[in-house]
2 protein chains.
Amino acid sequence: MVKSKQKIATMKELSEAIGISRPTLSRFFQDQSAVRPSTSRKIRERLAEVDYVYNFIATRQNRKLSGLIGVIIPHYNDLFFTSLLEAIESAARKTGYTVITQSSDGKAKGEAQAVARLRSMSADGAIIAPLGLDSSIEAFQIAREDFPIVFADSRPAEPVDGTDFVGTDNAQSIAAVVDYLCRTGEPPAFLGMPPLNSNAVERERAYAGKMRSLGLEPRIVATGGARESWQFEAFGHGVMNDHFSHQRYTSETILCANDRIAIGAIRAANEHELFLRRGEPHSGLRIAGHDDHPLSQYMYPAVTTAAQDIEGIGQEALRLLIERIRGERMDDSVTVLREAALKIREST
Amino acid sequence: MVKSKQKIATMKELSEAIGISRPTLSRFFQDQSAVRPSTSRKIRERLAEVDYVYNFIATRQNRKLSGLIGVIIPHYNDLFFTSLLEAIESAARKTGYTVITQSSDGKAKGEAQAVARLRSMSADGAIIAPLGLDSSIEAFQIAREDFPIVFADSRPAEPVDGTDFVGTDNAQSIAAVVDYLCRTGEPPAFLGMPPLNSNAVERERAYAGKMRSLGLEPRIVATGGARESWQFEAFGHGVMNDHFSHQRYTSETILCANDRIAIGAIRAANEHELFLRRGEPHSGLRIAGHDDHPLSQYMYPAVTTAAQDIEGIGQEALRLLIERIRGERMDDSVTVLREAALKIREST
DNA sequence: CGCGATTGTTTACACGTGTAAAAAAACTGG
DNA sequence: CCAGTTTTTTTACACGTGTAAACAATCGCG
């Protein structure tokens, strides 16, 4: 059994129990070095003996800054977004900010609600991976008057004044993959992602541009009536299973807009036994992805892909946001694009 | 350009702009039906024309209940936990609670910090997927005096008074898989997960118990010096790659403690070309998992597994927590175990 | 020891909302 | 239109902390 410590609810009680004035304690909790070392030591010694958790809500009531940073992602069920989230959290930990995460649940309404919640919680700023085409620009514009916003990964269809963007340079990353694929085999066709956000548009455009610059004709894989969906694996599997069943694309090179689609496509290819084994002649089918999903290397064959610099994107987004929170920068808008690194694996 | 609405910062301003007293507005925001219908309509009409977000922090300052429920998971980078999180969020949405998620980052210290943060934010209660063996029982016990706690998925090494638990009935789920495997082929050996939490212990025990009850000798796959790690795929891959390289387990049945380990093991098997193709004689190697990870069905071969009732676990955990928050139940401790459903796929 | 500089205390008010009590106003049914 | 009921307004205080100002105590230094 644990010796239960004396429970202290308010700072006032604490100041009495410890023999120090409340305002001094208030200063101590905001910055230990703001009080005399001997006082600081005295406070910490007594603090270790009692159970006091200062009231965050009351704390933030009067400060202009709440120390809270909101992060909004479309889904928790996507390891790309959770990786981004962890990168941001880890960076925030170092700078003393607390992260409040909200999922928009893939819906514009959820996104607007998440923004409103951050506003009502007096967040100092927000890093948002927006839904994209669906996003309510108005909600962002209004929120922008309350706190700075940095978009990460993807950006809204229309620009929002005074917001920054950090993402991957899709032109560079896609070009790198296309380049590699053309150098080592047949030029790729492109299996786009459902038109959910700016990446969907940019990557398809980057593919077409790179192909033309190589003097090749871009070819887009028909996705039939597949409707918008965040279930990328099912999407990739459904589309390619249909094609393979009709003997289409069975010995070509396919570049998927992201790894989750590639995982679905690879599954379809395996069902049709299109990947051959060591020692057998190469069937010609190659499938590449984009993002370096954590499980891509465990697929069989492992997915060739472009690894986004998620760590860098998270750090940079936080850095830009904090600059704005501190009022160190009032620019209209900053865009930071990070390069992705080609990861050559077995699938190509 | 959007017509920018009149911005209203406080409820007092709002009450003046709308011609209604502030206390009445306060009542309106807590329960629309607490004011006369004509008043309610009048408020809503004016509300639509202005930009007012009520201050969550000030709101929660005086209420005994904050409407906040904390969820703590070990990692965001695990689709099992994010599925659980989404289940809880979706259930919370329906009951009007707001979810605050914290990751413990796989460390006892992070877990204690997360609990402290929830306490300082005056959360009404917490649903915690604990680290397990590492967890600081003391932090839970102290927090338990502030708000009710329900553990989900796994439970701390020592019981904590007045907390509930909702999880999967490992004895049932593991027995179902073992049963199926024995019925359809060779009895399985067990590849445990690193001893991180109660599930690690329970599943291994459930395996051994079921095997003995079938009159069979349990066999545990040696994991060598592999140290504790949440990187389950790498763990499963590393352990099995080592065995396969020495021609061990190459034509046996292996039950993995979870799907992420199975995914790693399957990758290792594929590298060694141990799974044969349709038409070829069966090699004998079978690998099963547990949890029904979202990507399990996209592996090749797709993973035979036991699907946890994550939706049910999330709902039930929230229900128990709300009961306690409302003071409807003061029991010492309740344990709810949900059954898992056998998913037979290609890997066995 | 006495000076100015630093650090601490006291006091008082602020933040934006909840809430209780009493008074006023608006409804309801007849 | 009245009495009775319900709803709203008014008034006042509460929550736990931040913060400013004036003052008191302590420190470092010569």
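Only a predicted model underlies this, so the values are computations on that prediction, with no experimental measurement involved. First the proteins, then the strands, lettered A, B, ... as listed; each starts at 1.
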Chemist: With no hydrogens and no angle check, do the side chains of A/N77 and B/E86 hold a donor and an acceptor under 3.5 Å apart?
Modeler: yes

Chemist: Taking the ring centre of each residue, are A/F140 and A/F151 less than 6.0 Å apart?
Modeler: yes

Chemist: Output the residues of residues 9-19 of chain A in contact with DNA chain D, where contact means a heavy atom of the residue under 4.0 Å from an atom of the strand; sort by number or write none.
Modeler: A/T10, A/M11

Chemist: OP1 or OP2 of D/dT9 sitting under 4.0 Å from any side-chain N/O of B/S21?
Modeler: yes

Chemist: Could you give the CD1-to-P distance, from A/I20 to C/dG8, as a whole number of Å?
Modeler: 8 Å

Chemist: Report the distance from atom CZ of A/R119 to atom P of C/dG16, rounded to the nearest whole Å.
Modeler: 15 Å

Chemist: Might you list the N or O atoms of the protein lying below 3.5 Å from N or O atoms in nucleotides 19-24 of chain D, with each pair's distance?
Modeler:
unit_1 : atom_1 : unit_2 : atom_2 : d
D/dT19 : OP1    : A/K64  : NZ     : 2.2
D/dT19 : OP2    : A/Q30  : OE1    : 3.1

Chemist: Could you check how far CD1 of B/I57 sits from P of D/dT17, rounded to whole Å?
Modeler: 14 Å

Chemist: With the side chain counted from C-beta on, respond yes when A/V336 and A/L320 share a heavy-atom pair under 4.5 Å apart, and no when they do not.
Modeler: yes

Chemist: Taking the basic N atoms (NZ, or NE/NH1/NH2) and the acidic carboxylate oxygens, is any pair closer than 4.0 Å for A/R119 and B/D51?
Modeler: yes

Chemist: For DNA chain D, determine which residues of residues 37-53 of chain B have any heavy atom closer than 4.0 angstrom to one of its atoms, and list them numerically.
Modeler: B/T39

Chemist: So which one's nearest nucleotide on DNA chain D is more toward 5', B/A58 or B/S33?
Modeler: B/S33

Chemist: Could you tell me how far apart B/F28 (CZ) and D/dT7 (P) are, to the nearest whole angstrom?
Modeler: 15 Å

Chemist: What about A/Y52 and A/F29, are their ring centers closer than 6.0 Å?
Modeler: yes

Chemist: OP1 or OP2 of C/dG8 versus the side-chain N and O atoms of A/T24: is any pair under 4.0 Å?
Modeler: no

Chemist: What's the CG-P distance between A/D146 and C/dG16, to the nearest Å?
Modeler: 12 Å

Chemist: Between A/D164 and A/R324, does a salt bridge (charged side-chain N to carboxylate O under 4.0 Å, His left out) hold up when you go through it step by step?
Modeler: CA-CA 10 Å; A/D164 304 320; A/R324 278 213 129 98; 2.5 Å; yes

Chemist: With a 4.5 Å heavy-atom cut-off, do A/L65 and A/F147 have their side chains touching?
Modeler: no

Chemist: Is a donor on one side and an acceptor on the other found under 3.5 Å between the side chain of B/R155 and the backbone of B/F165?
Modeler: no

Chemist: Checking A/E111 side chain against A/P130 main chain: does a donor-acceptor pair fall under 3.5 Å?
Modeler: no

Chemist: Please determine, by modelled atom types, if B/D105 and B/S103 share a side-chain donor-acceptor pair under 3.5 angstrom.
Modeler: no

Chemist: More than 12 non-hydrogen atoms from neighbouring residues, nucleotides or ligands closer than 6.0 Å to NZ on B/K7, yes or no?
Modeler: yes

